[in-house]
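Here the structure is laid out as structure tokens; the discussion comes afterwards.
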Amino acid sequence: MNRPMELDIWGGDWGLPSIDLHCLEVMAYAKFSAVPLQTHVTNNPFCTPNGSLPVFKHGKKKINGFSEIAAYLREKNFSADFGLTPKQCAESVAFSHLLSERLHPALQYVWWVDRKNYLELSRPWYAKSLPFPYNYYYPGRYERDAKKIMETLYEVCWDDPVVETGVHAEAEKCLTALSIRLGEEEFFFGSHPSTLDATVYAYLAPLLKAPFLNAALQNHLKACSNLVRFVVRISQRYFASTLQEYEAHKTSQQKPKEDSENYFPNKRRNQFLAALVATVAMTGYAFSTGLIEETPGLVHGCGNFSLVLLYVLKMNRELK
């Protein structure tokens, strides 16, 4: 009996099957290679061999890391690179190194070092997704790890302006190089996606889709229209069900608000009238109980006020 190939992953959001770069990379590679892979959203790196996700499982075999997983799948005759020439394989490796050296530090900065993004997006998302008590530990750990990367790369404190300037400049160069290399092609090496396409998609999709508050790098990516089309193309072709579920969820969230507005077409007017009637009722009660002393002028004023109220109610009936 054949045992299923399984993958434990971080969950998805914003139309992506996973928001994690490494999970997306394996998932895209498996799709491109036609691997019969079963994915399980665990959102829990604690009980994994190396303390990270994704974890690939096949029988008693457990593997962490994209390179190791891809190598194992090639042993089982699953590969996205069967048609590539040696030159194209070398180019694929070179661009993968470029992404790791130039774009990965910037993504770490955007997700975990930038204060607005960390406080308003990254920490809340992971704290909500992780099971208790790990939701109190992992967001802070990822933040500390990212800051160490910044200080190692630039030999200054992580909050020095030179860090943000440096990581963004290198990342923008990387994105521009990818855009030039892709050109008007559907994928980097022709009409069929390869390992490089899986890696590029994994780097770009969360950067494109996440609702960052500080979105300078995201805006540079959006300016590379062919890279945006590249991400959308892969999402629509290979993760269509996830995208459709997300769009349906967005529509269902918007519909109740629209239905409410249609059901109560004159909500503001009715609220005003209700407040007006309540005010008159309380004033009348105050007079009847002696809380307010009746004076001729005041009574006369209240009489005029009542006439105004009757006139407003009459107009209300005519407007219906």
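Throughout, residue positions are numbered sequentially from 1 according to the sequence presented.
Atom CD of Gln38 has more than 12 heavy atoms from other residues, nucleotides or ligands within 6.0 Å. In this structure, His249 places its NE2 atom where only 12 or fewer heavy-atom neighbours from other residues, nucleotides or ligands lie under 6.0 Å away.
Counting only heavy atoms from C-beta outward, the side chains of Trp14 and Pro211 approach each other to under 4.5 Å. The shortest distance between side-chain heavy atoms of Tyr109 and His168 falls below 4.5 Å. Looking at Trp111 and Pro206, their side chains come closer than 4.5 Å, going by heavy atoms from C-beta outward. Counting heavy atoms from C-beta outward, Arg229 and Glu184 have side chains that approach closer than 4.5 Å. Side-chain contact between Val167 and Val110 is absent, with no heavy atoms from C-beta onward closer than 4.5 Å. Using a 4.5 Å heavy-atom threshold, the side chains of Phe189 and Cys89 count as separate.
The backbone N or O of His22 sits less than 3.5 Å from a side-chain atom of Asp20, completing a donor-acceptor pair. Panel note: side chain Thr176, backbone Glu172; a donor-acceptor pair is recorded below 3.5 Å. A donor-acceptor pair under 3.5 Å is absent between the side-chain atoms of Ser33 and the main chain of Val35, judged by distance alone. Not a single donor-acceptor pair under 3.5 Å links the side chain of Asn214 to the backbone N or O of Lys116. Within the 3.5 Å criterion, the main-chain N or O of Ala210 finds a donor-acceptor partner in the side chain of Gln218. Between the side chain of Asn226 and the backbone N or O of Ser179, at least one donor-acceptor pair lies under 3.5 Å. Without hydrogens or angle criteria, Ser79 side chain to Arg74 main chain gives no donor-acceptor distance under 3.5 Å. A donor-acceptor pair is defined here as one N or O able to donate and one able to accept, closer than 3.5 Å; no such pair exists between the side chain of Ser92 and the backbone of Gln88.
Taking the salt bridge (Lys or Arg N to Asp or Glu O under 4.0 Å) definition, one finds that Lys62 meets it with nothing, sequence neighbours left out. Every residue meeting the side-chain hydrogen bond (donor to acceptor under 3.5 Å, both in side chains) condition with Trp125, not counting sequence neighbours, appears here in chain and number order: Asp13.
Leu84 and Val93 are members of different hydrophobic clusters when ILVMFWY side chains are connected at heavy-atom separations under 4.5 Å. In this structure, Val163 is not a member of the same hydrophobic cluster as Trp112, with clusters built from ILVMFWY side-chain heavy atoms closer than 4.5 Å.
Taking CG of Asn135 as the reference point, atom CG of Asn44 lies at 10.5 Å (rounded to 0.5 Å). Rounding to the nearest 0.5 angstrom, the gap separating the NZ atom in Lys147 from the OH atom in Tyr118 is 7.5 Å. Here CD1 of Ile9 is found 6.0 Å from SG of Cys23. Values are rounded to the nearest 0.5 Å. Interatomic distance, Thr48 OG1 to Asp8 CG, rounded to the nearest 0.5 Å: 9.0 Å. To the nearest 0.5 angstrom, Lys173 atom NZ is 6.5 Å from Arg102 atom CZ. To the nearest 0.5 Å, atom OG1 of residue Thr242 and atom CE of residue Met27 are 6.5 Å apart.
Tyr29 and Phe66 have their aromatic ring centers within a separation under 6.0 angstrom. For Phe188 and Phe230, the gap between ring centers is short of 6.0 Å.
No side-chain N or O of Asn117 forms a donor-acceptor pair with one of Ser122 less than 3.5 Å apart.
None of Arg123, Lys148, Arg115 except one satisfies the salt bridge (Lys or Arg N to Asp or Glu O under 4.0 Å) rule with Glu143; the exception is Arg115.
The stretch residues 81-108 participates, sequence neighbours left out, in no ring-ring contact (aromatic ring centres under 6.0 Å, His included) pair at all.
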